[in-house]
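Reading through the structure tokens given below for one structure.
Just follow the structure's listing: the first ligand is 1, and inside any ligand the first atom is 1. Index from 1, following the sequence. Basis for what follows: all heavy atoms, side chains included, without hydrogens, waters or symmetry-related copies.
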Amino acid sequence: MFSLFYGLWKYMFSKTEFHVLILGIDKAGKTTLLEKLKSQYSKLEGLPPDCIVPTVGLNIGRVEVSNTKLVFWDLGGQSGLRSIWEKYYEEAHAVIYVVDAACPSRFEDSKSALEKVLRHEDLQGAPLLILANKQDLAQAVTDEEVARYLDLKKLDERAYTFQAVSAYDGTGIKESVDWLVDVMERSKRTERLRARAGIGSSGPA
Ligand SMILES: Nc1nc2c(ncn2[C@@H]2O[C@H](COP(=O)(O)OP(=O)(O)OP(=O)(O)O)[C@@H](O)[C@H]2O)c(=O)[nH]1
Ligand SMILES: [Mg+2]
């Protein structure tokens with residue numbers, strides 16, 4: 001009986017919580033993005049870019065956007081650390097994949113790391129937001145050019161988009177988060193994760 005009431009209470013009063021994985025190769029700007037998200041969407045001051053060091057473990061950021069709680073998981077992108085990424089796939093509602101748009105010499109590495117992410121069955125149907133980061137730099141290429149370089153195949157069955165951003169000055173971040181929240185709310189994967197957690201779309205299970 002208690003669990004029935006608790007389920008009902010949880011359904012009616014708790015805000016939806018989404019887990020978003022921030023992936024990408026090292027130096028793409030993932031942690032800089034996380035800190036920018038924190039300073040734009042929460043009362044917390046994010047770390048300034050010159051205090052950010054390469055990530056070895058996991059950085060977590062929690063923010064609220066309208067009636068939605070977002071929990072960001074930022075992982076290290078160095079090649080020896082990428083094997084850890086998959087431990088987080090099962091619980092993720094969506095993926096943000098960050099590309100350094102000012103560094104074409106690393107597009108190939110970025111592309112193959114992303115292809116591996118997309119092949120993993122634990123991420124089936126997860127919406128994908130690909131960020132062409134570092135747009136504040138003159139040499140950065142556009143989001144369309146990053147899309148051409150990555151030349152991703154077999155994305156038909158998942159919601160995805162490319163967005164030009166600067167984690168440094170915040171350009172494009174609001175549009176990116178709005179897109180992400182909207183697709184996660186409508187995604188079949190979200191329905192599946194909710195059902196597994198005992199929160200059905202038409203009430204507690
Ligand atoms: N100009 C500019 N520099 C950026 C931007 N985003 C990140 N950087 C710089 O890029 C470098 C790497 O940034 P990080 O945020 O540490 O990159 P990361 O993807 O978290 O790297 P790992 O933790 O090693 O995987 C730092 O020197 C940042 O200041 C951006 O939008 N513009
Ligand atoms: Mg980092």
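The proximity of Thr31 to ligand 1, defined as any non-hydrogen pair under 4.0 Å, involves the side chain as well as the backbone. Contacts of Thr32 with ligand 1, taken as heavy-atom pairs under 4.0 Å, involve both backbone and side chain. Both the backbone and the side chain of Thr55 come within contact range of ligand 1, each with a heavy atom under 4.0 Å. Only the side chain of Ile52 comes within 4.0 Å of ligand 1, judged by heavy-atom distances.
A donor-acceptor pair shorter than 3.5 Å can be found between the side chains of Glu145 and Thr142.
For the atom pair CG of Leu131 and CG of Asp100, the computed distance is 12.0 Å after rounding to the nearest 0.5 Å. Atom CD1 of Ile130 sits about 5.5 Å away from atom CG of Leu114, to the nearest 0.5 Å.
Ionic pairing of Glu191 and Arg194 is not present here: no N-O contact between side-chain nitrogen and carboxylate oxygen is shorter than 4.0 angstrom. Residues Glu64 and Lys43 are not paired through a salt bridge, judged by the lack of any N-O separation under 4.0 Å between the basic side chain and the carboxylate. Salt bridge status for Asp26 with Arg82: present, with a side-chain N to carboxylate O gap under 4.0 Å.
For ligand 1, the atoms sitting less than 4.0 Å from at least one non-hydrogen atom of Asn133 are 5 (C), 6 (N), 31 (O), numbered in the order shown with element in parentheses. Near Leu137, with a cut-off below 4.0 Å to any heavy atom, the atoms of ligand 1 are 1 (N). Listed by number with element, the atoms of ligand 1 under 4.0 Å from a non-hydrogen atom of Gly29 are 6 (N), 7 (C), 13 (O), 14 (P), 15 (O), 17 (O), 18 (P), 19 (O). Residue Pro54 approaches ligand 1 through these ligand atoms, each under 4.0 Å from one of its heavy atoms: 23 (O), 24 (O). Counting atoms of ligand 1 from 1 in the listed order, those under 4.0 Å from a heavy atom of Ala167 are 6 (N), 31 (O). Below 4.0 Å from some heavy atom of Gly76 lie the following atoms of ligand 1, by number and element: 25 (O).
Taking any N or O of Val53, backbone or side chain, none lies under 3.5 Å from an N or O belonging to ligand 1.
Distances from atom 2 (C) of ligand 1 to the protein include at least one heavy-atom value under 4.0 Å. For atom 27 (O) of ligand 1, no protein heavy-atom neighbour is present inside the 4.0 Å cut-off.
Protein heavy atom in closest approach to atom 19 (O) of ligand 1: Lys30 NZ, 2.7 Å. Looking at atom 24 (O) of ligand 1, its nearest protein heavy atom turns out to be Asp26 CB, 3.6 Å. Scanning the protein for heavy atoms near atom 32 (N) of ligand 1, the closest one is Asp136 OD1, 2.7 Å.
Counting heavy-atom neighbours within 6.0 Å of Glu115 CD, excluding the residue itself, gives a total above 12.
Among the backbone and side-chain atoms of Thr55, an N, O or S atom lies under 2.8 Å from the Mg ion (ligand 2). The nearest N, O or S atom of Thr31 is closer to the Mg ion (ligand 2) than 2.8 Å.
A heavy-atom distance below 4.5 Å is not found between the side chains of Asp122 and Glu86. Side chains of Trp73 and His19 form a contact here, defined as non-hydrogen atoms less than 4.5 Å apart.
For atom 9 (C) of ligand 1, the choice among Glu35, Lys27, Lys134, Lys36 with the nearest heavy atom turns out to be Lys134. For atom 29 (O) of ligand 1, the candidate residues are Gly24, Pro49, Gly170; the nearest heavy-atom contact is made by Pro49.
Each of Val95 and Val183 belongs to its own hydrophobic cluster when Ile, Leu, Val, Met, Phe, Trp and Tyr are linked at side-chain heavy-atom distances under 4.5 angstrom.
A side-chain contact (heavy atoms from CB on, under 4.5 Å) with Leu23 is found for exactly one of Leu75, Val98, Asp74, namely Leu75.
Under a 3.5 Å cut-off, the side chain of Tyr97 and the backbone N or O of Ser110 do form a donor-acceptor pair.
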